[in-house]
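Numbers restart at 1 for each chain; the letters A, B, ... are given by sequence-line order, proteins then strands.
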2 protein chains.
Amino acid sequence: MEGLNSQPANNRRMTKVFKALADGTRQEILQLLEEHSYAVGEIVAKFDLSQPTISRHLSVLKEADLVIDQRRGQNVIYRLNDSALAASMRQFFGRFRSCQEVLR
Amino acid sequence: MEGLNSQPANNRRMTKVFKALADGTRQEILQLLEEHSYAVGEIVAKFDLSQPTISRHLSVLKEADLVIDQRRGQNVIYRLNDSALAASMRQFFGRFRSCQEVLR
DNA sequence: GCGACTCATAATCGCTAGGTCAGGGGTTCA
DNA sequence: TGAACCCCTGACCTAGCGATTATGAGTCGC
């Protein structure tokens, strides 16, 4: 079953991205980061979840290259990876005619 | 079912869509259906997976409204739900500035 | 109606995902 | 150096996912 290498590396990347997006909390985090950057503690304060849980969600988003983290003193600041998000969108949906009509 | 209402209904729909997309096999099925419609048996023949497994994947895609099924004699024909796919793309990615620039 | 064919569903199993608490590493400041 | 703060990682539990086999439900031709 592992001999199935017909699946392009692109699909594996898209799978990682979609897995990251397939969670309500992570979707909300992304929309939060659309406003501006946030420290982890600030994000935690916006949700009814423990800090480790948020930290893991952020880790998943980071693994998918959808956010970027940066140490700033004691804090770790997370910001949206705008370009990667747009690139992912094009990369996958561009394969479909109906979506191409909607893409620039 | 209505307990956690902090998350908009839109997000729950997007979560369903992204969960459906977060699997390599289902991504390939969608790209296959981009060509044209296929009967279940034809799709099964293209993968190294059992018929029930493919059937289940198709069910997930259908639940997410990404494909449409139609009985045709003994066969069940699946086709891509073009408009829903494009609509989902807009609905989610339209929230991000960096993506709006890429959307028409 | 019967048998053959096509697809969906049920029961099951192993693995992954998401949640918690506990603990540790990095950074700041006195 | 040590205390306080911020965040990440490890260990663990439960629930859900993806796969299988076995079986059931529609449909067609005879």
Flag side-chain contact, heavy atom, 4.5 Å: B:Lys46 against B:Tyr38: yes
DNA chain D contacts among residues 35-44 of chain A, heavy-atom distance under 4.0 Å: A:Ala39, A:Val40, A:Gly41
Co-membership, hydrophobic cluster, residues B:Leu103 and A:Leu21, 4.5 Å side-chain: yes
Same cluster (ILVMFWY, side-chain, under 4.5 Å), B:Ile29 and B:Ile77: no
Letter per nucleotide, 5' to 3', of nucleotides 20-26 of chain C [B base touched, S only sugar-phosphate touched, - untouched; heavy atoms, 4.0 Å]: BBB----
A:Lys19 or A:Ile77, whichever maps to the more 5' nucleotide of DNA chain D: A:Ile77
Working for side-chain contact (heavy atoms from CB on, under 4.5 Å), residues B:Leu66 and B:Asn81: CA-CA 5 Å; B:Leu66 295 177; B:Asn81 191 349; 5.5 Å; no
Intermediate values then yes/no, side-chain contact (heavy atoms from CB on, under 4.5 Å), A:Leu61 and A:Leu33: CA-CA 12 Å; A:Leu61 290 171; A:Leu33 295 180; 5.6 Å; no
Rounded to whole Å, please give me the gap between [atom1] in [X] and [atom2] in [N].
X: B:Gln70; N: D:dT27; atom1: CD; atom2: C1'; result: 15 Å
X: A:Leu21; N: C:dA17; atom1: CG; atom2: P; result: 15 Å
X: B:Leu58; N: D:dG18; atom1: CG; atom2: C1'; result: 14 Å
X: B:Phe18; N: C:dA17; atom1: CZ; atom2: P; result: 17 Å
X: B:Lys16; N: D:dG16; atom1: NZ; atom2: P; result: 14 Å

So, is [X] near the phosphate of [N], with a side-chain N or O under 4.0 Å from OP1 or OP2?
X: B:Asn75; N: D:dT27; result: no
X: A:His57; N: C:dG19; result: yes
X: B:Tyr78; N: C:dA8; result: yes

Pairing residues for A:Arg95 by the salt bridge (Lys or Arg N to Asp or Glu O under 4.0 Å) criterion, not counting sequence neighbours: none
Touch class at under 4.0 angstrom, heavy-atom based, for B:Arg72 against every strand present: nothing
B:Arg26 side chain to B:Ala20 backbone, donor-acceptor under 3.5 Å: yes
Derivation of the side-chain hydrogen bond (donor to acceptor under 3.5 Å, both in side chains) call for A:Thr15 and A:Arg12: CA-CA 5 Å; A:Thr15 298; A:Arg12 248 168 306 165; over 6 Å; no
Distance in Å, B:Leu85 CG paired with B:Arg90 CZ, rounded so as to fall on 0.5 Å steps: 13.0 Å
